[in-house]
Asker: 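Here you go, one structure.
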Amino acid sequence: MDYVVITFLYLAILLYLLLGGADFGAGIIELFTSRKNRRVTHETLYQAIGPIWEANHMWLIIAIVILFVGFPRVYSVMSVSLHIPLLLLLLGIIARGTAFVFRHYDAVHDRMQGIYATIFVYSSLVTPLFIGILAGSALAGYVDPAAPDFLSAYVWSWMHWFGVAVGVFTVALCGYLASVYTIGEATTEADRQRFIRKTRLLTIMAFAAGALVFVAAYYEGLPLLTWIFGNPVGIAAIGLATISLGLLWYVLGRDSRTWLPRVLAGFQVTMILLAVGYAHFPDFIRLRNGEHLSLFEQLAPAKTIAALGWALLLGSLFILPALGYLYYSFQHVSRPQSAAPEAAPVP
Amino acid sequence: MDDFLAARSQMALSLGFHIIFSCIGMVMPFFMAVAHYYWLRTQDVTYKNVTRAWSKGVAIFFATGAVSGTVLSFELGLLWPKFMEHAGPIFGMPFSLEGTAFFIEAIALGFFLYGWDRFNPWFHWFTGVVVGVSGLASGILVVAANAWMNSPAGFDYVNGQYLNIDPIAAMFNDAWLSQALHMTLAAFAATGFAVAGVHALMLRRGRNLAFHTRAFRIAAAFGAVAALLQPLSGDFSAKDVARRQPAKLAAMEAHFHTEKSASLVLGGLPNEDKQRVDYALKIPGMLSFLAHGNFEQEVTGLDRIAPENRPPVVVPHIAFQLMVGLGTLMMGIAAVYFLALWRKKQWLTSRWLLGLFVAATPAGFIAVEAGWTVTEVGRQPWIINGVMRTADAVTPMPGIAYSFYLFTAVYLSLSLVVIFLLYRQIRMVPELYDVPAGTPEPEPAHA
Ligand code: HDD
Ligand code: HEM
Ligand code: HEM
């Protein structure tokens, strides 16, 4: 059962990044869209994510529950040392989730729309930034449960260039995922071309942000290159990611299947995570004193893990088919047969 | 404000905020399912409009409930890391099952909210029911976690170690049944009265009578049934508390001195220094009866509890009185309502009956908050009853007061926005749903 639980933990984190990430990306794209096109973009995106966004964010909850039930010390060290970025992440989640829904369920369309949109767009940027900072901080090795003073215990644990760079990279990846996602939702050829151009732009931005991570790692003295290229899995993963990126660019102009680009983009992000993560498995958080919180060492007692594992297995028996059917049913919601969105025009 | 107090206040604030949204998320789907059912059965378009209007409110509440719940699952660690480090593996079972319930709920909600005219109508109806059932399941499960804090089970506590952990036994702890039953009824009573109250107000103002009458009847029926059962379940809870947490019972009843044939203290202001209650009405023997089922039996008072283990008295006592008072009031209104349905049809449209419901709009939610205050403050100084002290569980991070201020500001503004949005929804009812007989159903244009 240990492996079941650990697999679900990584799976939940991965799916949160892919699905929730595309969802954050929707807000990021809106930020980078000219005022003229913002409306279409926003509506296309809303049609695409409206029915599924709640479900996408459930992966975060699953990951947290697995952490505190199965790896309680990891959860408590993280909660103490990374309190501040977690708090900021939560503020982002609150602002984004509520602004998204308020904007669509406000019965009157007036000036408030602009306010919701602004909150939505900026919190879509801030939330993945902090997710990235947290991920970077788990790797960077500044987390120190025995730190003597406030700053090194609660601030330097996460405030470092590597964390910031990973944060920026995460933002770029989210934008990238969302842009690929929207191509399939475009209703007109012009929109489609526009979304494709956006995807190309965001690919370049993601590359730039990725380079930034390497620079920051170098600056902080972290052997990122060794982590990635020091083992065959990392090399293979990077290779596969590159190939699928090439494939994606090739496919974009020529193929109208909606799922193909999405799968390719998701695959790339998975491979990137694998490349960085593999060298550390099963360590979840690197500590300042050179030790790690390893998932295998921090496991909860066997009975708990067995119960958790069964709960997850049985749960996924219900969840996965239902989720699959949800995604299937709401492909192309923006196509003509959709029900009219409900909001009354009021001057 | 010191950090410990700030952490407790922040926890209370977050839970107190979340519980309102979760009650609505658990109960409204059932109201909608009934209205939806009538629409599918009778093709009376007003029922469809009621369902749709409610579903928009629910979407707003649901999102707010989901984000505040997400916050809570982090906050347990942010504020009480030592507690979670030990408790997580023990009381985690309900949370892991709850994960599934939430997920199903979120998926079904996607189908329900966006599935109008896209699916077979009965499939669509069914997804709405699934939202309700899984919401209810998550509520019942999460209460199991709280019940475990009141009545720890499923481990042996030896020399500060938590051994022989059995998460299943922890889930089926002694307090779960009474708390889950009482909480479920509370959610129905509170939401039923709140929704009925809003529609009653509109009826009194003579707005959209067909629409609001149907909505009112559904909500009032659910709320009234729950409100009638609530005191029974409350009595069951009280007997349970007397058995497993005598200190909490003594605190909520302001029962300072152990005595036989103990009297029930109504109202009054407990004076903790002098160990007495001022200005109270006392009914001899009644407390023994309520707590143990006979008028003679001894009821443990706070004097039997070691001073360092005594909970505060003033807050639980007042909160308990408030809950019971409101519960009695709601039960009374429910009785009148059933009398009206049964014998006095003319009362149903009377202004005074509607007025009663309008007046009782917030009653259920105030009772819910008060009830949780009794449960949580009455458990002090323990975070895990008899095992771990709250003060030992709190995060070492200084400056929690600032995070408390921040959350207060955030939750305050969210509450204001939600109220504002609901107000707008209700105000738009005439424009969206007021169809003169015979005209086709409106498909409102997009702004
Ligand atoms: C609509 C809300 C509502 C109403 C009308 C009542 N309650 Fe309640 N009560 C709750 C809502 C609630 C609650 C918020 O749901 C609590 C908090 C914890 C729990 O399980 O339920 C609660 C807790 C609670 C407890 C503590 C349980 C524990 O700590 O385990 C007792 C003894 C009672 N209630 C008793 C009553 C009685 C005798 C009532 C008589 C009218 C009553 N309640 C009405
Ligand atoms: C599963 C459900 C719950 C869990 C796990 C939980 C957990 C906690 C924890 C860890 C604390 C801090 C320690 C303490 O001061 O006692 C706390 C306090 C508190 N909780 Fe709960 N709680 C739950 C349900 C609720 C709900 C729904 C409410 C609703 C209002 C609530 C109200 C409070 C209050 C008022 C306090 C502060 C107690 C004080 O001032 O001393 N709790 N709870
Ligand atoms: C007794 C107290 C509680 C009850 C009855 C309750 C019930 C519910 C319900 C019915 C929902 C569904 C969403 C909604 O309707 O808005 C919900 C959402 C949620 N709750 Fe609570 N809850 C309680 C306390 C807690 C606590 C202590 C936690 C954290 C550990 C928590 C975590 C969550 C999460 C993460 C969600 C979001 C799920 C989603 O997106 O659907 N809840 N809660």
Asker: Considering non-hydrogen atoms only, spot the tightest contact between A:Ala322 and B:Ile107 and give its length.
Answerer: O-CG2, 3.8 Å
Asker: Heavy atoms, side chains only, cut-off 4.5 Å: are B:Thr64 and A:Phe102 in contact?
Answerer: yes
Asker: Are side-chain heavy atoms of A:Tyr75 and B:Leu76 found at a separation under 4.5 Å?
Answerer: yes
Asker: Applying the side chain to side chain contact (heavy atoms under 4.5 Å, CB included) criterion to A:Lys303, which one of B:Ile165, B:Ile168, B:Asp166 satisfies it?
Answerer: B:Asp166
Asker: Of the backbone (N, CA, C, O) and the side chain (C-beta and beyond), which part of A:Ile62 lies under 4.5 Å from a heavy atom of chain B, both, or neither?
Answerer: side chain
Asker: Please determine whether side chain to side chain contact (heavy atoms under 4.5 Å, CB included) holds for the pair A:Leu326 and B:Tyr114, giving the CA-CA distance in whole Å, both sets of side-chain angles, and the decisive distance to 0.1 Å.
Answerer: CA-CA 11 Å; A:Leu326 181 75; B:Tyr114 295 84; over 6 Å; no
Asker: Is chain B contacted by the side chain of A:Tyr325, its backbone, both, or neither, given a heavy-atom distance below 4.5 Å?
Answerer: both
Asker: Where on A:Ile305 is there a heavy atom nearer than 4.5 Å to chain B: the side chain, the backbone, both, or neither?
Answerer: neither
Asker: Heavy-atom distance under 4.5 Å between the side chains of B:Leu421 and A:Tyr105, does that happen here?
Answerer: no
Asker: Report which part of B:Leu406 has an atom under 4.5 Å of a heavy atom belonging to chain A: side chain, backbone, both, or neither.
Answerer: side chain
Asker: With a 4.5 angstrom heavy-atom cut-off, is it the side chain or the backbone of B:Phe112 that approaches chain A, or both, or neither?
Answerer: neither
Asker: Please work out which of the three classes, parallel, tilted or perpendicular, describes the rings of B:Phe91 and A:Phe68, given edges at 30° and 60°.
Answerer: tilted
Asker: Give, as side chain, backbone, both or neither, the part of B:Phe119 having an atom under 4.5 angstrom from any heavy atom of chain A.
Answerer: side chain
Asker: How close do A:Leu91 and B:Val410 get, counting heavy atoms only, and between which atoms?
Answerer: CD2-CG2, 3.9 Å
Asker: Within the structure provided, determine whether A:His83 and B:Ile400 are in side-chain contact (heavy-atom separation under 4.5 Å).
Answerer: yes
Asker: Given heavy-atom pairs under 4.5 angstrom as the criterion, report whether the side chain, backbone, both or neither of B:Pro81 touches chain A.
Answerer: both
Asker: Of all heavy-atom pairs between A:Ser76 and B:Glu85, which one has the smallest distance, and what is that distance?
Answerer: OG-OE1, 2.6 Å
Asker: Between B:Val417 and A:Thr98, is any pair of side-chain heavy atoms under 4.5 Å apart?
Answerer: no
